[in-house]
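Notes follow the structure.
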Amino acid sequence: MKRLETAAALRAECNALRRSGKTIGFVPTMGALHAGHQRLVEKSVAAGHATVVSIFVNPTQFGDPADLDHYPRSLESDLELLDATGADVVFTPSVAELYPSGEFTRVCVSGPSRGLCGASRPGHFDGVATVVSKFFALVGSCTAYFGKKDYQQWLVVRGLVRDLGFDVQVVGVATIREADGLALSSRNRRLDSNQRAQALAVVRGLCLAEQSFQAGERRVAVLRQLIVDALAEGGAKLDYAEIVSAEDLSRVPETVGKRALAAVAAHVGPVRLIDNVVLGEPSLQAYREGLEV
Ligand code: AMP
């Protein structure tokens, strides 16, 4: 596995790979890698791409400087995991490499970036869109893998590619969970055992909503309340719980149709966790017993 640190080296390497007849799979990450990230890399490797992974904690997507300071970092073990998973190139630029002094361009997004995390974290998706645009411009023609755990980010990136005309195929990958259902997240590392137990309220609420939807419940207020109550009961502090269109995150009327996204964000101890489930595409049944749902 090659490790590259400059934008010029990444561009040259990707051009050379394409000239040698390879296609490129690209997996952007912020490091502190886990089995969720690993699944994205595995998908790219299995598709036969030369696989390029970036590790970059992007400052422009953090509103809160303390959140940026405390973001977990584990470069050495990340490199080992990527090498073992079959990545070909890892890009680890410095902040100054991607945001050199004097730079002033930002990508602003609206549409699906407005609600949910966009409302709680103003500017977050502009930061995501800016750094992802930089990566796409450097990597060039590729298939890019994004996790649906960050469902809103996945939709924003798909729109970014369409609107700015990047030569990128965006692939969304299903959320990888712990055995008890908690969605894997780099931020989980900061939870102590008590908080780890409280964090389960997030997936428990989603699981209750999924089960109720499967049993025929269609009222948005009722489905949402199941999540709100599960968070309160479990000791997680609600940021938002929303039932929205799974297509574009727009508001749904008082009752939902065949498919909708249930999305949640909650504070547990020092971290903010997000998770979601598409109602109408059940994915949490396997965890019901353990979650006592
Ligand atoms: P991050 O390092 O948190 O920016 O995540 C990098 C990529 O990994 C994003 O596309 C995330 O959506 C994806 N990802 C993070 N956690 C998971 C998970 N539990 N399952 C699947 N993909 C994930």
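Counting starts at 1 for both ligands and their atoms, in listed order.
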So which heavy atom in the protein is nearest [atom], and how far is it from that ligand atom?
atom	value
atom 22 (N) of ligand 1	Gly147 CA, 3.6 Å
atom 11 (C) of ligand 1	Asp150 OD2, 3.1 Å
atom 3 (O) of ligand 1	Tyr71 OH, 3.8 Å
atom 4 (O) of ligand 1	Met30 CG, 3.5 Å
atom 20 (N) of ligand 1	Ile176 N, 2.9 Å

Kindly check if the number of other-residue, nucleotide or ligand heavy atoms within 6.0 Å of [atom1] ([X]) is above 12?
X	atom1	value
Lys22	NZ	no
Arg114	CZ	no
Gln169	CD	no
Arg39	CZ	no

Test item, [X] contacting ligand 1 (heavy atom, 4.0 angstrom):
X	value
Pro28	yes
Ala35	no
His37	yes

Open item on the list: Check this for me, if you would: do Asp248 and Arg158 make a salt bridge, where the nitrogen-to-carboxylate-oxygen distance has to be below 4.0 angstrom?
Closed with: no

Open item on the list: Quick test of your reading of the model: are Glu281 and Arg259 salt-bridged, counting only N-O distances below 4.0 Å?
Closed with: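 Looking at Arg259 together with Glu281, the answer is yes, because their closest N to O distance falls below 4.0 Å.
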
Of the backbone atoms (N, CA, C, O) and the side-chain heavy atoms from C-beta on, which set of [X] has a member under 4.0 Å from an atom of ligand 1: side chain, backbone, both, or neither?
X	answer
Leu40	side chain
Lys149	side chain
Ser185	neither

Which atoms of ligand 1 sit under 4.0 Å from any heavy atom of [X]?
X	value
Leu184	16 (N), 17 (C), 18 (C), 19 (N)
His34	15 (C), 16 (N), 17 (C)
Thr29	2 (O), 6 (C)
Ala174	21 (C)
Phe146	10 (O)

- [ ] For a side chain to side chain contact (heavy atoms under 4.5 Å, CB included) with Val41, tell me which candidate from Leu82, Leu81, Leu33 qualifies.
- [x] Leu82

Task: Closest contact, heavy atoms only, His37 versus Gly31 - done: CE1-O, 3.8 Å

- [ ] Could you tell me which non-hydrogen atom of Leu223 sits nearest to which non-hydrogen atom of Ser212, and how far apart they are?
- [x] CD2-OG, 3.9 Å

Task: N or O pair under 3.5 Å between Ala183 and ligand 1 - done: no

- [ ] Look only at interatomic distance and state if Lys148 has a nitrogen or oxygen under 3.5 Å from any nitrogen or oxygen of ligand 1.
- [x]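 N/O-N/O distance below 3.5 Å does not exist for this pair.
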
Open item on the list: Can you confirm if the aromatic rings of Tyr145 and Phe26 lie within a centre distance of less than 6.0 Å?
Closed with: no

TODO: Ignoring hydrogens and angles, state whether a donor on the side chain of Tyr151 or Asp275 is under 3.5 Å from an acceptor on the partner side chain.
DONE: no

